[in-house]
Number of protein chains: 2
Amino acid sequence: MRTRLTERQNQVYEYIRSYVRKHSKPPTLKEIGRGLAIRSTNGVHKLVAALEKKGYITKTPNEARGIALVDTDPDAYAFDEGPPSLPLISRTRSDAPERLRLRPAGFLYTDPRLLDRTDPDECLIARAGDDGMNGDGIRKGDFLVVEETDWQGLRNGTLVAVLFDETLVVRRFDHANGRLHFRPADRTYNEEAFAPDSPDCYVVGRVRAVMRKL
Amino acid sequence: MRTRLTERQNQVYEYIRSYVRKHSKPPTLKEIGRGLAIRSTNGVHKLVAALEKKGYITKTPNEARGIALVDTDPDAYAFDEGPPSLPLISRTRSDAPERLRLRPAGFLYTDPRLLDRTDPDECLIARAGDDGMNGDGIRKGDFLVVEETDWQGLRNGTLVAVLFDETLVVRRFDHANGRLHFRPADRTYNEEAFAPDSPDCYVVGRVRAVMRKL
DNA sequence: CCCGAAAGTGAAAATATATTCACCAAGCCC
DNA sequence: GGGCTTGGTGAATATATTTTCACTTTCGGG
């Protein structure tokens, strides 16, 4: 299993992934620097070297745009012809949550017992976008069964799937002092707080189950 | 409608397309030259400029791997939920014809009247890979309804879908002097002939219909 | 308090890649 | 026969990109 990434390393990784999807080619070090406000290509170079060392990417030495993502086969979880199952959502921004189910990236068959008597029509599958909940045994890449709910219906302390801008993560939810708080379960990640109407975060719903490929 | 390509230009275009699919990034001019036995990067540069001028690709000036294909959205003909229809075959090599139906790129609904009483289970959809049959009103990108048949069952003069290595094209078929002949209907393309057991060509079958998006 | 890891800065050097220049050959059309 | 288009050659130039070097700051753990 791959060593987990720091928050900044994860940002670099997600930037690369997003760039590849958008431009159909990997970014240069300079472009990564521009995208993440890093002025020195050496700073980017070090972060990228860390991603390679940890097995998240590969690099072709001395080649322009020589970064390649590992495990990028989108067909790995493509639609099979078994019974209908839950939609695996594609990348969505926190300010456009209506697009969550618009074009699923695929579907994942889910044993109904994992749904804990919730309505399957109200559930969807998302993937955890970081290691912020490592302390709770949830890792980057895990499949999450999420029951869509408004944050008003959540008790404090509930595990939620939340979109921070374009990254979907799991956090423990609290509503206090007129703000929404999201606590990670890992000391290298920071708690974040938002005004309830902020476009920078969107609570997708309650995490009902986790599935992981080993 | 885009101006049609010469044979060599089409080879460059198909090389780029194949490279993008295989490497998840566009090739450099040097790589294209290596792939098509062109020693001078200027020779490649000219061919690539022609593709851009004719609207098949775009180029970002002075940028490494700055070639981008136009109209590469694979979802344009993705599976819809209408009745089952014919499989749209993915790229296949002439020496591995058993892979033709292995992983269809999609499906295309086909009016049964286009099949001319042939068994739909024996038909598939392919896309014409060049403009070699322009004289017969068949153009690169056209959808072909192909009835899979062995070449022995074909009359001379039949329109066939044939794989030349990794490129699928339409040609008029003749069997003469112990060889298979494939005649284009365009003066800038060459007739080709193969021994019947050559791995460099494979006759997919008889072209039953053509469909085109305008 | 010190050390190591992580995340940077700025600059220089090495290498890759795109573009331009001058030229040649073949084929087609007028 | 000449002109134009297409498809090259080899080389030089310009620009992009990666890699390396020497350094600094912050933070966490021992």
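Each chain gets a letter, A, B and so on, in the order its sequence line appears, and its residues count up from 1.
In this structure, B:Leu51 places its CG atom 16 Å from C1' of C:dA18, rounding to the nearest Å. D:dT6 atom P lies 15 Å from atom CD1 of B:Ile38, rounded to whole Å. As rounded to whole Å, 14 Å separates atom C1' of D:dT6 from atom CG of B:Asn190. What separates OH of A:Tyr189 from P of D:dG28 is a distance of 15 Å, to the nearest Å. Distance CG (B:Leu36) to C1' (D:dG7): 13 Å, rounded to an integer number of Å. The distance from atom CD1 of A:Ile32 to atom P of C:dA7 is 14 Å, rounded to the nearest whole Å.
The shortest side-chain heavy-atom distance between A:Arg17 and A:Leu69 falls under the 4.5 Å cut-off. In this structure, the side chains of B:Leu124 and B:Glu148 come closer than 4.5 Å at one or more pairs of heavy atoms.
Checking side-chain atoms of B:Arg65 against main-chain N and O of A:Ala64 turns up a donor-acceptor pair under 3.5 Å.
When every heavy atom of B:Tyr189 is checked against every heavy atom of B:Arg171, the shortest pair comes out as CD2-NH2, 3.6 Å. In plain terms, the two heavy atoms of B:Ala128 and B:Leu144 that are nearest each other are N-CD1, 3.8 Å.
Between B:Glu147 and B:Arg206 no salt bridge is recorded (no basic side-chain N to carboxylate O distance below 4.0 Å).
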Which nucleotides of nucleotides 10-17 of chain D have their base under 4.0 Å from a protein heavy atom (B), which only their sugar-phosphate (S), and which neither (-), written as one string 5' to 3'? B-----SS
Residue pair B:Lys140, B:Asn10: steps toward the side chain to side chain contact (heavy atoms under 4.5 Å, CB included) verdict: CA-CA 10 Å; B:Lys140 180 181 171 74; B:Asn10 189 62; 2.7 Å; yes
Between A:Tyr202 and A:Val162, does a side chain to side chain contact (heavy atoms under 4.5 Å, CB included) hold up when you go through it step by step? CA-CA 6 Å; A:Tyr202 175 78; A:Val162 56; 5.9 Å; no
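With rounding to the nearest 0.5 angstrom, the NZ atom of A:Lys25 is 11.5 Å from the NZ atom of B:Lys25.
Distances shown here put a side-chain N or O of B:His45 below 4.0 Å from the OP1 or OP2 atom of C:dT19.
Applying the 6.0 Å contact sphere to CZ of B:Arg21 captures no more than 12 heavy atoms from other residues, nucleotides or ligands. B:Asn156 CG: more than 12 foreign heavy atoms inside a 6.0 Å radius.
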Taking N or O atoms only and anything under 3.5 Å, show me the protein contacts with nucleotides 25-30 of chain C, one pair per line.
{"unit_1": "C:dC29", "atom_1": "OP1", "unit_2": "B:Arg187", "atom_2": "NH2", "d": "3.2"}

Under 3.5 Å, which N/O atoms of the protein pair with N/O atoms of nucleotides 3-6 of chain C?
none

